[in-house]
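First the structure, in the form of C-alpha cells, and then the observations on it.
Residue indices begin at 1 and follow the sequence shown.
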Amino acid sequence: MLRAQLSCLISTLLFSSWVIAADNPPLPTPQPIDSNTTELTSDAEHSPVPLANTYINDPILPPIAEWSGNSESLLVEPDAPWATPFEQQGYQHSPDYQTTMLWLDKLVDSSDMLSKVSLGESPQGRDIWMIVATHSGDNTPQALLENGLATVLVQAGIHSGEIDGKDAGMMLLRDIAFNGKSDLLKNTNLLFIPILSTDGHERSDKFNRVNQRGPVNMGWRTTATNLNLNRDYAKADAPEMQHLISAINIWQPDLYIDVHVTDGIDYQYDVTFGYNVAQGYSPNAFKWLDTVYRPEVEAALTAQGHVPGPLVFAIDNADMQQGLSLWNPSARYSNGYGDARHLPTILIENHSLKPFKQRVLGTYVMLEQTLKTVAAHTTKLKSAIYADKFQHPTNVTITWQKELQQQGWDFKGIGYQLEQSPISGNKVVRWSGVPTLYPNLPVIGNTKADIQVSRPDAYYIPPQWQNVIDKLSLHGIRMTRLETPQTLNLTQYAFAKPQFGSKDYESRQTVKADMTSSEIEATLPAGTVKISTKQPLGILAMLLLEPQAPDSLFYWGEFNSIFTRTEYIEAYAVEVLAAKMLAEDPALKIAFEQALLDPDFAADSRARLSWFYERSEYYDNQYRKYPVLRSLD
C-alpha cells in the first residue's frame, strides 16, 4: 500500500527538482532569476519538447529534451544474435547480476580474446568478476606485463545504481569480439569489471536513485554492510575494496576508469569526467590526461552527438555567479587514490538527468576512444607514470587550501527561476530545460599547498600494530622487517586535545588532534617494519602514515587506543610524591609556581595533582604518543 501511495504521489507532484548531493559535492546550480521574470538568456530559440514519461520519477524531475546522436548507430536490433539485455529491453533496463554474468559467460566462451577471472567474493558470497580482453588471448597478469601493451582497467558499479558502465562495456566487448572492432585490442589490453558492488547491485528497485533517469530498476548506493566503496580506498575496510586493490597491484593497469552517474542540478553536459589536478602528486599523469587524453575523448564524444564537460561542482547552488569548484580529491576517492599511487585515474560522472540510453551510449564512445588514445600514446603514458613514481620530492603537501584559479570557465547550464515553496518555506528551483550559457565563471579549487611535511627516508612501525601493517601491505607498499633489535635516533609525534568525530563515518570513529614532534632514542624490537619512502608508492605511504593527512590511518581511527589511559595514581600517593619532587628539583618548583598564576589551574585540585603525576617517572610515557616513528630529516 505504501509503495502504491508513493507511486501515486510521484505521478502527481510537480516539483521540478530536489537537489541531494550524495555522491560528491553538488554540481553547479544555474544563476537565480527573479520569480516574476519569464525571459531567459538562452542558447536555444525554443524550449525543449518534454518526453513522455518513461521512468516512475519522471514527473518530479526537470523537463527533458528529445535526444538523438550518431552514437545510436552503435545499437543493434533487439533480436540480433549478440544483443545485450539493455538493447533487448528497449534501452530502459539493466540486467540483474545473474543475467549479466550468463550473457558475459556466453560471450567469453565464444571468443578467444576474452577470459573471466574472479577477484574474490562479496560479503553475501557473490563473485566479483573481471573480464580480461586481449588480442592475443593472454589472460594472466604476467602475460599482460610481458606483452608490452598498456592496460586499461574499466570499473562499473562501485555505486551499483549508477550502472551505465556495465551496459556500455558489455556492448563494447560484443563489438570487439564479433562486430569488427578487434583492432581496439591490437595495441591495448582491457580489463573490465562489470559490477564491483555486487550485493548493492542486487538490492534493486524502481524506487532507488530518485534523482536519476533510469534504468527502470537500479541498485543500491552502498554495499550489503552499508559501506560506500568510493570512500574506502585509503582505509580499505570492505572486502570488495580489498579485492579491487589487490587486483590493481597484481594486474598493474596503466589507466583506471571509474564510471559513475552524478546527482545534482540540471545542465547540458551528458558526460563529465575529471582526474587529479596539476598541483597534485602525479603532475606528469595530469599533463598527459589534460593535453593528450581529454582533447581526443571530447572530440569523439562531440562527433557522436554528446556534450562532454569537465568534472566541476558549484560553490553555491543558489547563485551561479559565485562560481565553480575545482575538486582536488583525497585518497579516499578513486581519482584521489590514483593520484597518490601514480595510477592515472579518470572519474566519469554521467549526468543523472539525461536518459539511460543517452548515458550508456556516451560511456561507450568514451571507452572506445580511450582504447584508441591509449594505443596511440602508450609511450608517453608509460613515461609519465614512470616519472611520477620516481620523483621522490623533498617535501610533500598533505592538506590543501582553496584559491581562485587563474582561468575562469564557460559553463553550459540550463535556465531556471526560483519560486517560493509552500512545502518547505524556502525558495525552490524550477528548471526551464532551456540551454543557457554562463560565461567565464570564477573557479575556486583546493589547490594551494597548506600543511607540508618533509619526506623521511623511512617510517618504523612496531610489530604489535599488525592491522596497520596488513593495511599498508594490502596497498602494495613495500616493507622490510628488522631481524634483530636496533637502537636509533628517530622522530616521534605526540598528540593533545584529540577531537573525535561526533558520529560514526563509514563505520569509523575519526579523530584529529594537535600535534608536536620530538627527537627520541628508541630501541626497536625485532619484527619492527621499516617502510622506505624511496619506492613507487612512497607518497601513498606518507599520506597513510602522516597523522594530519585527511585520509591517514590515524584519522580513520586505527590508533585510537593510544588515547586511553590505563594506569593511574591515587591522590594520597601523588601528594607525597609531589612534595618529594618539589624538594629535589628547584626548577620544577619554579615551574609549578608559574602554573599557579593561572587561576583556573590554581582552583583545580585534580589538575594540580595531575601536573605532578605527568612529570613523574610513573606516568605512561606512551600515552598519546604516535607509535609510528620517522627517521630524522
Side-chain angles (χ1 to χ4, degrees), residues 70-78 80-88 91 94-95 99-117 129-141 143-144 147-157 163-195 247 251 253-259 271 293 296-297 300-301 303-304 306 346 348 359-378 381:
N70 293 335
S71 61
E72 290 175 294
S73 64
L74 300 169
L75 298 166
V76 302
E77 294 298 322
W82 285 103
T84 65
F86 161 74
E87 293 163 314
Q88 294 170 12
Y91 324 123
S94 186
T99 304
T100 298
M101 297 320 304
L102 285 174
W103 190 92
L104 284 170
D105 284 342
K106 180 181 176 183
L107 186 70
V108 168
D109 291 343
S110 303
S111 173
D112 293 336
M113 292 185 291
L114 306 180
S115 303
K116 187 180 77 166
V117 297
W129 294 105
M130 182 173 75
I131 307 301
V132 181
T134 65
H135 199 269
S136 63
D138 291 341
N139 58 11
T140 67
L144 266 63
N147 71 19
L149 306 181
T151 296
V152 176
L153 171 60
V154 176
Q155 166 193 288
I163 204 59
D164 303 3
K166 179 190 72 177
D167 297 281
M170 293 167 72
M171 291 175 59
L172 181 59
L173 287 175
R174 178 266 317 282
D175 292 343
I176 288 173
F178 294 111
N179 289 348
K181 294 188 177 182
S182 62
D183 283 357
L184 290 173
L185 298 181
K186 275 192 173 181
N187 296 298
T188 312
N189 306 313
L190 173 62
L191 306 175
F192 174 58
I193 303 172
I195 312 168
W251 291 86
D254 300 285
L255 185 68
Y256 175 30
I257 296 181
D258 180 21
V259 187
V271 181
Y293 181 83
E296 293 190 7
V297 168
L301 284 164
Q304 292 294 318
H306 297 275
I346 297 161
I348 297 178
R359 302 196 318 259
V360 169
L361 291 177
T363 307
Y364 180 112
V365 172
M366 185 165 181
L367 298 183
E368 180 180 16
Q369 183 58 46
T370 294
L371 296 179
K372 294 177 180 179
T373 296
V374 169
H377 305 284
T378 293
L381 173 60

Drop me the distance from [X]'s [atom1] to [Y]'s [atom2], to the nearest 0.5 angstrom.
{"X": "L114", "Y": "I176", "atom1": "CG", "atom2": "CD1", "result": "7.5 Å"}
{"X": "I257", "Y": "I346", "atom1": "CD1", "atom2": "CD1", "result": "4.5 Å"}
{"X": "I195", "Y": "L104", "atom1": "CD1", "atom2": "CG", "result": "8.5 Å"}
{"X": "N187", "Y": "K372", "atom1": "CG", "atom2": "NZ", "result": "13.0 Å"}
{"X": "H306", "Y": "Y364", "atom1": "NE2", "atom2": "OH", "result": "11.5 Å"}
{"X": "T100", "Y": "D167", "atom1": "OG1", "atom2": "CG", "result": "7.0 Å"}

Q304 versus N70, side-chain donor and acceptor atoms under 3.5 Å: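 No, because no side-chain N or O of N70 sits under 3.5 Å from a partner of the opposite role on Q304.
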Identify the heavy atoms of [X] and [Y] that sit nearest to each other, and give their distance.
{"X": "L381", "Y": "V374", "result": "CD2-CG1, 4.1 Å"}
{"X": "P194", "Y": "K166", "result": "O-CB, 3.4 Å"}
{"X": "G157", "Y": "I163", "result": "CA-CD1, 3.8 Å"}

Side-chain contact test, heavy atoms from C-beta onward, threshold under 4.5 Å: evaluate it for [X] versus [Y] and give yes or no.
{"X": "F178", "Y": "S110", "value": "yes"}
{"X": "W251", "Y": "L191", "value": "yes"}
{"X": "T370", "Y": "T188", "value": "no"}
{"X": "V365", "Y": "V271", "value": "no"}
{"X": "N179", "Y": "V76", "value": "yes"}
{"X": "I193", "Y": "L153", "value": "yes"}
{"X": "P95", "Y": "Q88", "value": "no"}
{"X": "V154", "Y": "L367", "value": "yes"}

Parallel under 30°, tilted from 30 to 60°, perpendicular over 60°: which one fits the rings of W82 and W103?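 Ring orientation, 0 to 90° scale: perpendicular.
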Ignoring hydrogens and geometry, is there a side-chain-to-backbone donor-acceptor pair from S111 to L107 under 3.5 Å? no
Using the rule given for side chain to side chain contact (heavy atoms under 4.5 Å, CB included), can you reason through I348 versus D164, listing the C-alpha separation, both sets of side-chain angles and the distance that settles it, and then say yes or no? CA-CA 10 Å; I348 297 178; D164 303 3; over 6 Å; no
Mind checking what makes side chain to side chain donor-acceptor pair (under 3.5 Å) contact with N189, not counting sequence neighbours? N147, T151
Check the pair Y293 / L255 against side chain to side chain contact (heavy atoms under 4.5 Å, CB included), numbers first and verdict last. CA-CA 11 Å; Y293 181 83; L255 185 68; 4.2 Å; yes
Would you check, one step at a time, whether the test side chain to side chain contact (heavy atoms under 4.5 Å, CB included) holds for V259 with M366? CA-CA 11 Å; V259 187; M366 185 165 181; over 6 Å; no
The single option from V132, T134, I131, L173 that satisfies side chain to side chain contact (heavy atoms under 4.5 Å, CB included) with L190 is L173
Start with the C-alpha gap between W129 and V108, add the side-chain angles, then the distance that decides, and say whether side chain to side chain contact (heavy atoms under 4.5 Å, CB included) holds. CA-CA 12 Å; W129 294 105; V108 168; over 6 Å; no
What pairs with D105 under side-chain contact (heavy atoms from CB on, under 4.5 Å), at least two apart in sequence or on another chain? K116
Taking only residues at least two apart or on different chains, which pairs with a member in residues 173-193 satisfy salt bridge (Lys or Arg N to Asp or Glu O under 4.0 Å)? E87-R174, K181-E368, D183-K186
